[in-house]
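Just the heavy atoms: all of them, side chains too, but no hydrogens, waters or symmetry mates, feed the values below. The first residue of the sequence shown is numbered 1, and numbering continues consecutively from there.
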Amino acid sequence: MTPPKSFYDFTLQFHQDLDVVHPGWAETLDGRIQIYEDFRQGYGDQAVRELATYCEELLADSETDLGSLWFTESKADLVIQDEGVRFLFNDFLGWIGSLS
């Protein structure tokens, strides 16, 4: 499945924001929310919805190696293992759910 443009935009924004957010971003809710909010502000609600749909599709198949997908498709210049990508996508979906 080819990632939508919003995936590339998110991973690029994600990588850029890591330079601004403190090193423990993954352990703090505020750090992660700021990354998601920056993406929403920069690319809009439609991109958020498109990325959410893509994340849901990927997470529906527990056999998908999301770490490999991130490594080959991401615009971020860092490697995240499968469980880290799953955490990030689930966390992103949780954040979206909190917006409703």
Side-chain angles (χ1 to χ4, degrees):
M1 163 184 348
T2 303
K5 182 180 181 314
S6 60
F7 174 78
Y8 298 115
D9 294 339
F10 175 76
T11 59
L12 179 62
Q13 181 74 43
F14 178 81
H15 178 70
Q16 292 170 345
D17 280 0
L18 289 182
D19 292 335
V20 177
V21 178
H22 55 83
W25 68 270
E27 289 79 37
T28 64
L29 183 59
D30 290 344
R32 296 188 313 267
I33 288 175
Q34 189 59 50
I35 290 172
Y36 306 149
E37 285 292 342
D38 287 351
F39 174 68
R40 183 181 184 195
Q41 290 174 3
Y43 296 97
D45 289 336
Q46 178 60 33
V48 169
R49 286 189 297 274
E50 181 182 80
L51 181 59
T53 299
Y54 184 63
C55 289
E56 289 169 344
E57 290 172 359
L58 290 174
L59 291 170
D61 181 1
S62 62
E63 299 300 314
T64 301
D65 182 357
L66 298 180
S68 292
L69 171 82
W70 184 274
F71 181 73
T72 58
E73 298 291 343
S74 172
K75 296 296 182 190
D77 192 16
L78 68 151
V79 175
I80 301 178
Q81 301 302 321
D82 179 73
E83 60 275 359
V85 177
R86 285 185 190 284
F87 170 82
L88 181 64
F89 286 177
N90 278 312
D91 192 61
F92 180 75
L93 292 172
W95 168 75
I96 290 168
S98 74
L99 299 177
S100 302

ILVMFWY cluster, Phe71 and Phe7 together (side-chain gap under 4.5 Å): no
same_hphob_cluster(Leu93, Ile80) at 4.5 Å side-chain heavy-atom cutoff: yes
Any donor-acceptor N/O pair, Thr11 side chain to Tyr8 backbone, under 3.5 Å: yes
Check: Gln81 main-chain N/O paired with Arg86 side-chain donor or acceptor under 3.5 Å: no
Tyr36: which of Asp17, Asp91, Ile96, Leu99 passes side chain to side chain contact (heavy atoms under 4.5 Å, CB included): Asp91
Closest heavy-atom pair and its distance - Lys5, Glu50: N-OE1, 3.9 Å
Shortest non-hydrogen contact from Ala47 toward Ser6: O-CB, 3.4 Å
Ring geometry between Phe92 and Phe10 (parallel below 30°, tilted from 30 to 60°, perpendicular above 60°): tilted
Pairwise distance CG(Leu12) to OG(Ser74) - rounded to 0.5 angstrom: 8.5 Å
Euclidean distance, Thr53 OG1 relative to Arg49 CZ, rounded to 0.5 Å: 9.0 Å
Within-4.5 Å side-chain heavy-atom neighbours: [X] and [Y]:
| X | Y | result |
| --- | --- | --- |
| Phe87 | Arg32 | yes |
| Leu66 | Leu58 | yes |
| Trp95 | Val48 | yes |
| Asn90 | Leu88 | no |

Under 3.5 Å side-chain donor-acceptor pair for Thr64 and Asp61: yes
Asp9 and Gln13 side chains, donor-acceptor separation under 3.5 Å: no
Residue of the set Phe89, Phe39, Trp70, Tyr43 for which ring pair (Phe, Tyr, Trp, His ring centres under 6.0 Å) holds with Phe14: Trp70
